[in-house]
Amino acid sequence: MKKIATWNVNSLRVRLPQLLEWLGREQPDVLALQETKIEDAKFPVAELTAAGYRAVFSGQKAYNGVAILSRIEADNALTDPVGFDDPQRRILAATVGNLRVVNLYVPNGGEVGSDKYAYKLNWLLKIRDWLREELERHPQLVVLGDFNIAPEDRDVYDPDGWREKILCSTPERMAFRALLDLGLADAIRCFDQPGPCYTWWDYRMNGFRRNLGLRIDHILVSPSLRATCLACWVDVTLRGLERPSDHAPVVAEFGCD
DNA sequence: ATGGTGGAGATTCCA
């Protein structure tokens, strides 16, 4: 049995106590983190080592930042695929055992039609081309993280209110679909779910209490990994704590090593 | 069109 998860922590420094508690409780084999907002020199290596986790990370001050935590040591870490000439720390790939892990913090995109929106769509186009190569190199591939895209209307609490808005616009959804078209499966949709599986709720307007959520964090799996996937779910427990991240973790379980 | 909240770090940007 193997457990793999993703969580946008929105500041690793602030969320470290919650993270350590969750690691002890859930004991994932691999956890991808986004929006760590911490420089590499300040990454809390000692605290995570004490909790039984190795880490590879690519961070910067104040914004962005990604990390992969794992029980066994990761290798072949990569942060800047060919064609990405970008100071924003949003990409981290690493090999954990027989598994290739690609952790993504997809740009938010600001508003539809803005410069940030164009950056997001161009970024997703380049990611697709790179993932096609990663998939050829690594049959056992998981691509997970904060995609900042709600793939379908059922992933949005108010689909008509969000129609063609950021996170939901047709070009963004097409870009997400293009990733699935590489042969990747949206793990949570491989299983029956009791509800809508939101992963993000705005801090404002009591969004979580009213369940005004969107499903924008995802775990995508290659065909051979899909064959061993047993379950996938959202863990909403952390979102209800004091001083929460605005995102909840997504977790997937796999049958064989 | 705006504001509502939160994090970081500097008196504002980003989500």
Exercise for the section: With heavy atoms under 4.0 Å as the rule, sort A:R90 into base, sugar-phosphate or nothing. Expected result: sugar-phosphate
Exercise for the section: Look at A:D158 together with A:K165 and state whether they make a salt bridge at an N to O cut-off of under 4.0 Å. Expected result: no
Practice task
For the residue pair A:W200 and A:W162, categorise the inter-ring angle as parallel (less than 30°), tilted (30 to 60°) or perpendicular (more than 60°).
Solution key: perpendicular
Practice task
Answer yes when A:D246 and A:R204 have at least one side-chain N-carboxylate O distance shorter than 4.0 Å, and no when they do not.
Solution key: no
Exercise for the section: Determine, for nucleotides 2-11 of chain B in 5'-to-3' order, which nucleotides have protein heavy atoms under 4.0 Å from the base (write B), from only the sugar-phosphate (write S), or from neither (write -). Expected result: --BBSSSS--
Practice task
Using a heavy-atom cut-off of under 4.0 Å over every strand shown, decide if A:F208 touches base, sugar-phosphate, or nothing.
Solution key: nothing
Problem - Between B:dG6 and B:dT2 - P atom distance, rounded Å - result: 23 Å
Exercise for the section: Let me know the distance between CD1 of A:I166 and C1' of B:dC14, rounded to the nearest Å. Expected result: 13 Å
Exercise for the section: Could you measure between the two P atoms, the one in B:dA1 and the one in B:dT5, and give it in whole Å? Expected result: 22 Å
Problem - Separation of B:dC13 P from A:Q88 CD (nearest whole Å) - result: 16 Å
Fill in the blank from the handout: From CG of A:D146 across to C1' of B:dA15 the rounded distance in Å is 10 Å
Practice task
Starting at atom NZ of A:K165, determine the distance to atom P of B:dA1, rounded to an integer number of angstrom.
Solution key: 11 Å
Handout entry: Partners meeting ring-ring contact (aromatic ring centres under 6.0 Å, His included) with A:Y63 (sequence neighbours left out)
Key = none
Handout entry: Interatomic distance, A:Y119 OH vs B:dC14 C1' [rounded to whole Å]
Key = 13 Å
Handout entry: side-chain hydrogen bond (donor to acceptor under 3.5 Å, both in side chains) against A:R15, all qualifying residues, sequence neighbours excluded
Key = none
Handout entry: C1' spacing across the pair B:dG9 / B:dG3, given as an integer number of angstrom
Key = 23 Å
Handout entry: SB check A:K126 A:D129 (cutoff 4.0 Å)
Key = no
Problem - Spacing between A:K120 atom NZ and B:dC14 atom P, to the nearest angstrom - result: 15 Å
Problem - Pair A:D80 + A:R89, salt bridge at N-O below 4.0 Å - result: yes
Exercise for the section: Please state how far atom CG in A:D246 lies from atom P in B:dA15, giving the value in whole angstrom units. Expected result: 12 Å
